[in-house]
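Below, read A as the first sequence line, B as the second, and so on, with proteins coming before strands; counting in each chain starts at 1. This is a predicted model, so every value here is computed, not measured.
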Protein chains: 2
Amino acid sequence: MPEAQALPDTRERILIEASRLLSINGYHGTTTRDIAAAVGISQPSLFFHFTNKLAIVQELYEHDIVPAVAGLENLVVGPGDPAAKLYAMIVGEFGRIADSPYDMRAHISFEALNHPDLAGFRDLVNQFDDLTRLLIRSGQESGQFVHGNAWLAQQMVSGFLVRANLFASSDQVERQINPREGAALVLRSLLIDPETIEQVEERAEELLPRYRSP
Amino acid sequence: MPEAQALPDTRERILIEASRLLSINGYHGTTTRDIAAAVGISQPSLFFHFTNKLAIVQELYEHDIVPAVAGLENLVVGPGDPAAKLYAMIVGEFGRIADSPYDMRAHISFEALNHPDLAGFRDLVNQFDDLTRLLIRSGQESGQFVHGNAWLAQQMVSGFLVRANLFASSDQVERQINPREGAALVLRSLLIDPETIEQVEERAEELLPRYRSP
DNA sequence: GTCTATAACCGGATAGAC
DNA sequence: GTCTATCCGGTTATAGAC
């Protein structure tokens, strides 16, 4: 039987504190000294757990963007109508980020993604956007969504997800995100017939597991 | 009669290039050497035009956030219904950022706003968000907007504005923002009766000058 | 696994010539 | 107004003791 554990191990605490600092100050604005101080170890001790500063960021991105793309891909290729899929994605994404032990709020600030060694993650972020846009286009073509610039609509969805997570704080009740309310907000903007939202919600609930565990 | 001017003066070119680099790499990720190289002068030459690196950012923020808050404030206190005001703000904001000589896309990355000397601008950004939320609440209370978490709705609006501007590029036709389509996208999500959007648009057109020249 | 000491480098800013 | 040379503080990362 495992004992009641006290603190997460040092490696894990580095990831947690780093994610928090990176969300606030960005990659270049967060020093290894800052991270070490937050964890309570000396700065060089970081390099016992990670080969370099970038490796910390890479692991955080791995944890954040990989499951997101996998979940969305799984939703897209599976059964269901575009509206229900989009709804499920938004609910799933709000939930996933809220449940993460890390503070992955703004996908840790896009600024770090310009680093050459993070090109793979940048591609994944773009893929997530592409898939979201695909979902919107499908809905437009199937007559479920109003016609219009799908890129613009996708920016609304993506911007909403990033912003809401970035500024959510559990201290303030007003800022606790209700994933389903967030999803409904977006869907009302896209649906030709907003009255159908309840049925979309019902169908989305069945799709949700496909997003959460691809 | 003024001659046909060639290049903007150096000071102006510094602001233009700095805004571009800051939008991509953030404050800490943009060095004075990067900016100087983009302008085509030596790094110390920057300090003839600006007292320090932060002064460049301050001037850019001044140009970006001050007119935005002034315009929105002017809209809020003036006549008109909340839906038309919100529509006018979104159209005005998309237009204002598109017309700016500077690349103020993500409000130059929020990361810089943590600097103590930029506290004033941070307050202005918060004020812009507060006023947007006020507009949404007014619409909810007057029965024009659906009820719900106004903070969440405001994050959708604010996130949309930042994201769309951040990723807009004149190269790709798909990514050229139509301000009115963007505003309609948001309004459809909030209006109890989406059918009234045409009337909202008409009333908003009259309000637009109030946002543009406070 | 964590420490101290330190190397190697980079970034902002100044001095002073032209 | 712009340059070269340079200072100095801060940052990542390594070496090696415990």
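At whole-Å resolution of the value, CZ in Arg33(A) and P in dT11(D) are 6 Å apart. Separating the OH atom of Tyr27(A) from the C1' atom of dT11(D) is a distance of 11 Å, rounded to the nearest angstrom.
For residues 32-57 of chain B, no pair satisfies ring-ring contact (aromatic ring centres under 6.0 Å, His included), with sequence neighbours left out. Here salt bridge (Lys or Arg N to Asp or Glu O under 4.0 Å) pairs that include residues 165-175 of chain B, with residues two or more places apart or in two chains, are Arg137(A)-Glu174(B). For the salt bridge (Lys or Arg N to Asp or Glu O under 4.0 Å) condition, the pairs that include at least one residue of residues 76-88 of chain A, sequence neighbours left out, are Asp81(A)-Arg203(A). Under the salt bridge (Lys or Arg N to Asp or Glu O under 4.0 Å) criterion, the residue pairs touching residues 20-34 of chain B are Glu17(B)-Arg20(B), with sequence neighbours excluded. For residues 159-168 of chain B, the salt bridge (Lys or Arg N to Asp or Glu O under 4.0 Å) pairs, not counting sequence neighbours, are Asp129(A)-Arg163(B). The side-chain hydrogen bond (donor to acceptor under 3.5 Å, both in side chains) analysis of residues 177-186 of chain B, with sequence neighbours excluded, yields the pairs Arg180(B)-Glu205(B).
Taking the side-chain contact (heavy atoms from CB on, under 4.5 Å) definition, one finds that Glu62(B) meets it with Val66(B), Phe121(B), sequence neighbours left out. Partners of His147(A) under the ring-ring contact (aromatic ring centres under 6.0 Å, His included) rule, at least two apart in sequence or in another chain, do not exist in this structure. Applying the ring-ring contact (aromatic ring centres under 6.0 Å, His included) rule to Phe160(B) yields the partners Phe94(B); only residues at least two apart in sequence or on another chain are considered.
Remark: Gln43(B), Pro44(B), Phe47(B) in residues 43-51 of chain B come within less than 4.0 Å of DNA chain C through at least one heavy atom.
Considering all non-hydrogen atoms of both residues, Leu185(A) and Ala153(B) come closest at CD2-CA, 3.5 Å.
One end of the helix from dG1(C)-dC18(D) to dC18(C)-dG1(D) points its axis 0° away from the other end's axis, with each axis taken from 5 pairs and the angle rounded to 10°.
Within 4.0 Å of Thr31(B), counting heavy atoms only, lie sugar-phosphate atoms of the nucleic acid but no base atom.
Scanning DNA chain C 5' to 3' for nucleotides with an atom closer than 4.0 angstrom to a non-hydrogen atom of chain A gives a first and last hit of dG1(C) to dA5(C).
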